[in-house]
> 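Following this message is one structure expressed as structure tokens.
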Amino acid sequence: MAQILLHSTNGRSPRVNLREALMMGQAPDRGLYLPEAFPKFAPEEIAAFATMPYHEIAFRVLSKYADGILPAHDLNHLCQDAYNFEVPLEMVRGLDRVAVMRLDQGPTASFKDFAARMMARLIGRFVRESGQKLTILVATSGDTGSAVASAFHRVEGIRVIVLFPVDEVSARQRKQMTTLGENVRSIAVDGKFDDCQAMVKRAFADPALKHIALSSANSINIGRLLPQSVYHFYAASRLGRAGEPIVITVPSGNFGNMMGAVIAGQMGLPIKKIVVPVNGNDEVPRFLGTGGYAKIEPSRNCLSNAMNVGHPSNLARLVAIYGGQMDETGAIHRAPDMAALRRDLFSSSVSDEDTRATIKLAWERHHLLLEPHGAVGWRGFWDYLAAEPLNGSPAVMLETAHPAKFPDEIEKLLGFTPEVPPSLAALDHLAEDHDRLGVDYEAFRDHLIARHQPACN
Ligand SMILES: *Cc1c(COP(=O)(O)O)cnc(C)c1O
């Protein structure tokens, strides 16, 4: 097997291997890394997944990328260590072969644990081998920060700095970031998520910070996407017969999770449709409809807060895979094959009102407990069914967070509070510690420099 090389979607950076792409995050030309060609599975390799546990499928999928990066034995060990929790596939009552996959059993109760835990183990290993120190900056609207902080907590040679908008995260989300300590620092920013993201982006481009090795754990990093392809193979192996195409629904914001499904398809998984419902931030369904792209600025504040993204960075990758080119500002320099995009993807926008109605309806009709992100997904799946019947195909919808992350909303709609998993319940008793900054880039830079201790670990 040859080593996989990755190129930038902007086309003006040298090709790198996976190790370099993981360490850098974004390409120097501000593009995003993509493999030049995706490794392929033979149908019989995919058929064999039916009897394998999750961590074994993860190993098979990721080992296609690991040649020359990591010995197979070590990768296998990392997968077992990262994926030591359940991945429940809940068959939906009253429907035939339609399942909800609950990606909420990791330590921070969102799907982001899947990628963050794998990425932390890989980057931790590379950092140890190189003797280099690394600072990971992450801007978060809630779930990314907590998943990344938890995954990198106590990883030697790495410090993590999380920026979150002070008024836009729930108390539980905040505690997931502010109670870890040691190599994890969090900063409450008196601003919006967009402000946090802009400060992080400026830091990456700032010559005054050149002496600090910075990396990103946002889904611009290809290391966030490859592990997210694994659960599609897993779901298909449990729901369908070998070779049978599946309908996959991924409630989307920055479209990193969707890229996992696209990558699985590129690697040979038969997929009938990838359904990507969004909340009121509807730039992608409009793009699929018209072929013209316009970002939404500032992003709209919706109930499914982790999907409040008005300019999804991973769209540049999707456009590239379909033969086009989009830069980081959203300008399209070469149009993708829109007919192929529309054949493979379906997207609709779901209002907050419909999100709430769906939480109620799914519970009443199917005894299916959803939180707002999953409810956007479920409603969008039905929008798809109205356009194209399943005709007996298996289907899976990804529930991306644990309902206990949204106790008030669910109590209001359903009259009970969801049971809190132990990982979240433990937080209530821990002491918090975080810094606080205004939307002030210079202050943030000073903070980064002052707290940069070369010997930190
Ligand atoms: C991050 C997140 C999403 C959106 O995922 P993208 O990869 O940004 O599309 C959806 N649901 C939850 C709960 C999230 O935390």
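In listed order, ligands and their atoms are each counted from 1.
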> Between E409 and R356, does at least one N-O distance fall below 4.0 Å, as a salt bridge requires?
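Answer for the salt bridge query: yes.
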> From D433 CG over to D435 CG, what is the distance, rounded to the nearest 0.5 angstrom?
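Going from the CG atom of D433 to the CG atom of D435 covers 7.0 Å.
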> Classify the contact between K112 and ligand 1 as side chain, backbone, both or neither, using a heavy-atom distance cut-off of under 4.0 Å.
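Looking at K112 and ligand 1, just side chain atoms fall under 4.0 Å.
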> Relative to the heavy atoms of S252, which atoms of ligand 1 are at a distance of less than 4.0 Å?
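Contacts of ligand 1 toward S252, numbered from 1: 9 (O).
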> For the backbone of I220 and the side chain of S313, can you confirm whether one donor and one acceptor N or O come within less than 3.5 Å of each other?
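Not a single qualifying donor-acceptor pair exists.
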> Considering only protein heavy atoms, which is closest to atom 5 (O) of ligand 1, and at what distance to one decimal place?
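The answer is F111 CZ, 3.5 Å.
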> Any idea which of S146, G253, A115 brings a heavy atom closest to atom 4 (C) of ligand 1?
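When every heavy atom of S146, G253, A115 is considered, G253 comes closest to atom 4 (C) of ligand 1.
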> Is any NZ, NE, NH1 or NH2 atom of the basic residue among D383 and R379 found under 4.0 Å from an Asp or Glu carboxylate oxygen of the other?
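Salt bridge flag = yes for R379 with D383.
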> Can you sort out which atoms of ligand 1 are near G256, meaning under 4.0 Å from one of its heavy atoms?
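That gives atoms 6 (P), 7 (O), 9 (O) of ligand 1.
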> Among all protein non-hydrogen atoms, which one is nearest to atom 7 (O) of ligand 1, and what is the separation to 0.1 Å?
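Nearest neighbour among protein heavy atoms for atom 7 (O) of ligand 1, to 0.1 Å: N257 N, 2.8 Å.
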> Does F255 reach ligand 1 with a nitrogen or oxygen that is under 3.5 Å from one of the ligand's nitrogen or oxygen atoms?
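Yes.
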> Would you call K405-D143 a salt bridge at under 4.0 Å N-O?
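Yes, this pair counts.
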> Quick one: do the S8 and N10 side chains pair a donor with an acceptor below 3.5 Å?
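No donor-acceptor contact under 3.5 Å links the two side chains.
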> Taking distance alone, with no angle check, do E371 and ligand 1 share an N/O pair under 3.5 Å?
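Such a contact does not occur with ligand 1.
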> Give the residue, atom name and distance (to 0.1 Å) of the protein heavy atom nearest atom 8 (O) of ligand 1.
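That would be N254 N, 2.8 Å.
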> Can you tell whether the side chains of R436 and D190 come within less than 4.0 Å, N to carboxylate O?
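Yes.
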> To check your reading of the model: name the closest protein heavy atom to atom 11 (N) of ligand 1, its residue, and the distance in Å.
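Residue, atom and distance for the closest contact: T400 OG1, 2.7 Å.
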